[in-house]
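One structure is given below, encoded as structure tokens.
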Amino acid sequence: MITKCIFPAAGYGTRFLPATKAMAKEMLPILNKPLIQYGVEEAMEAGCDVMAVITGRGKRAIIDHFDISYELEHQIQGTPKEELLVDIRKLINECTFTYTRQNEMKGLGDAIYKGKVLVGDQNPFAVVLADDLCVNPDGDGVLKQMVELYNKYKCCIVATMEVPKEDVNKYGIIEGKEIEEGVYMVSNMVEKPDIESAPSNLAAIGRYILTPDIFRVIEQTKPGKNGELQITDALCHQAKKGMVIAYKFQGKRFDCGSVDGFVEATNYFYQKSKV
Ligand code: UTP
């Protein structure tokens with residue numbers, strides 16, 4: 001059973017400066033809901049009830065968001081505005097939120113490693129990068145689809161999508177063999193390769209199911225691209241042993257870490273709210 005989900009949220013979010021100067025990028029709202037809440041809802045739909053947040057700056061806003069605000073609750077009690085807190089109350093009541101800090105931004109692999117104290121090293125767990133906002137209007141959420149695949153293959157699962165060739169240098173890129181429709185046995189992974197040397201245009205996006213042995217692999221992984229400890233490099237090590245599956249998910253992903261993707265997501269949810 002996968003019941004725990006890590007949310008790395010310690011990045012600087014430099015593409016959103018100055019908005020992210022004093023606030024975590026994961027607290028930026030799409031309409032009236034912060035990015036991280038969309039991620040938590042997706043994790044909950046997938047069966048998780050422990051949300052392990054790796055924070056840096058802007059920590060207080062995230063912690064306060066997933067906690068009861070007595071003054072506010074009292075203020076709007078009995079008014080139509082109470083309705084606006086129904087979803088977040090459900091999350092607070094049904095999930096446990098735990099936090100730890102990544103003191104230095106040493107990369108996504110390091111941020112996930114910091115989650116070990118929160119999720120333990122006995123069971124598989126999920127990872128959601130909340131700035132990758134995923135939706136599937138036609139069925140199960142992306143993480144739920146991945147949990148189902150994990151139950152079949154019992155190894156690490158990486159969400160993937162095809163990206164334009166000129167964008168491969170922004171992602172971890174996957175090389176693998178399609179073993180069933182949209183499911184790849186990964187043989188190699190490269191973090192932000194040059195356009196000319198990229199093994200494919202299949203990019204890893206911010207949803208993972210990881211088996212706990214990944215922590216030992218991360219311990220042995222050296223800093224890679226940009227001097228950061230890359231989860232792509234740790235996964236590549238596992239992939240060489242046939243222990244990583246890439247999954248072309250059903251649905252849509254918005255790169256809300258970029259202004260363009262953020263605006264696209266805002267428009268999408270706004271249109272949806274009007275029908
Ligand atoms: P990004 O590559 O989007 O980096 O990280 P960033 O710092 O958040 O944003 P920019 O590029 O400066 O605008 C991808 C995800 O990994 C987390 C980030 O919080 C984000 O969710 N992350 C990355 C960490 O938690 N720690 C790290 O050391 C690196």
Side-chain angles (χ1 to χ4, degrees), residues 5-30 34-40 42-43 51-63 65 97-119 125-134 142-143 158-161 163 167-173 189-193 203-208 210 214-215 218-219 221-235 253-265:
C5 184
I6 293 181
F7 293 84
Y12 289 134
T14 52
R15 285 168 289 169
F16 265 97
L17 284 170
T20 47
K21 199 163 166 263
M23 182 184 75
K25 134 176 102 169
E26 289 74 11
M27 285 304 292
L28 291 171
I30 299 293
L35 284 169
I36 194 160
Q37 189 177 332
Y38 288 92
V40 167
E42 187 184 331
M51 310 297 168
V53 187
I54 316 300
T55 60
R57 293 162 307 112
K59 158 179 143 149
R60 270 204 48 193
I62 296 179
I63 296 178
H65 185 71
F97 292 86
T98 61
Y99 302 89
T100 192
R101 224 171 222 257
Q102 185 191 23
N103 306 94
E104 282 179 81
M105 238 197 78
K106 292 189 194 157
L108 181 57
D110 179 68
I112 292 173
Y113 188 77
K114 289 281 180 297
K116 185 176 159 190
V117 293
L118 304 178
V119 301
F125 58 90
V127 177
V128 166
L129 304 188
D131 50 350
D132 269 347
L133 178 49
C134 293
V142 174
L143 203 61
V158 180
T160 189
M161 62 184 263
V163 296
D167 288 342
V168 290
N169 55 5
K170 297 181 188 151
Y171 297 90
I173 297 293
M189 288 178 78
V190 194
E191 183 63 23
K192 303 188 175 76
I205 61 117
R207 298 287 180 281
Y208 306 84
L210 300 177
I214 199 74
F215 290 129
I218 295 175
E219 279 167 13
T221 302
K222 303 246 176 329
K225 196 89 184 185
N226 302 332
E228 293 187 352
L229 214 168
Q230 302 289 354
I231 191 64
T232 305
D233 295 339
L235 279 168
R253 167 258 186 187
F254 299 97
D255 174 13
C256 293
S258 75
V259 174
D260 286 349
F262 186 87
V263 172
E264 203 191 322

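Note that ligands are numbered from 1 as they come in the structure, with each ligand's atoms numbered from 1 the same way. Since the model is a prediction, treat every value here as computed from it, not as a measurement. Just so you know, these numbers use all the heavy atoms, side chains as well, and skip hydrogens, waters and symmetry mates.
- Remark: R101 engages no residue in a salt bridge (charged side-chain N to carboxylate O under 4.0 Å, His left out) (not counting sequence neighbours).
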Criterion ring-ring contact (aromatic ring centres under 6.0 Å, His included) on F125 and F215, from CA distance to verdict: CA-CA 11 Å; F125 58 90; F215 290 129; 5.2 Å; yes
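- Rounding to the nearest 0.5 Å places OH of Y38 at 14.5 Å from CD of E26.
- Protein residues with a heavy atom closer than 4.0 Å to ligand 1 are P8, A9, A10, G11, Y12, G13, T14, R15, K25, E26, Q102, M105, K106, G107, L108, A111, L129, D131, listed by chain and number.
- A52 and V119 get closest at one heavy-atom pair: CB-CG1, 4.0 Å.
- The side chain to side chain donor-acceptor pair (under 3.5 Å) test applied to Y113 returns E219, not counting sequence neighbours.
- Here K170 pairs with D167 under the salt bridge (charged side-chain N to carboxylate O under 4.0 Å, His left out) rule; sequence neighbours left out.
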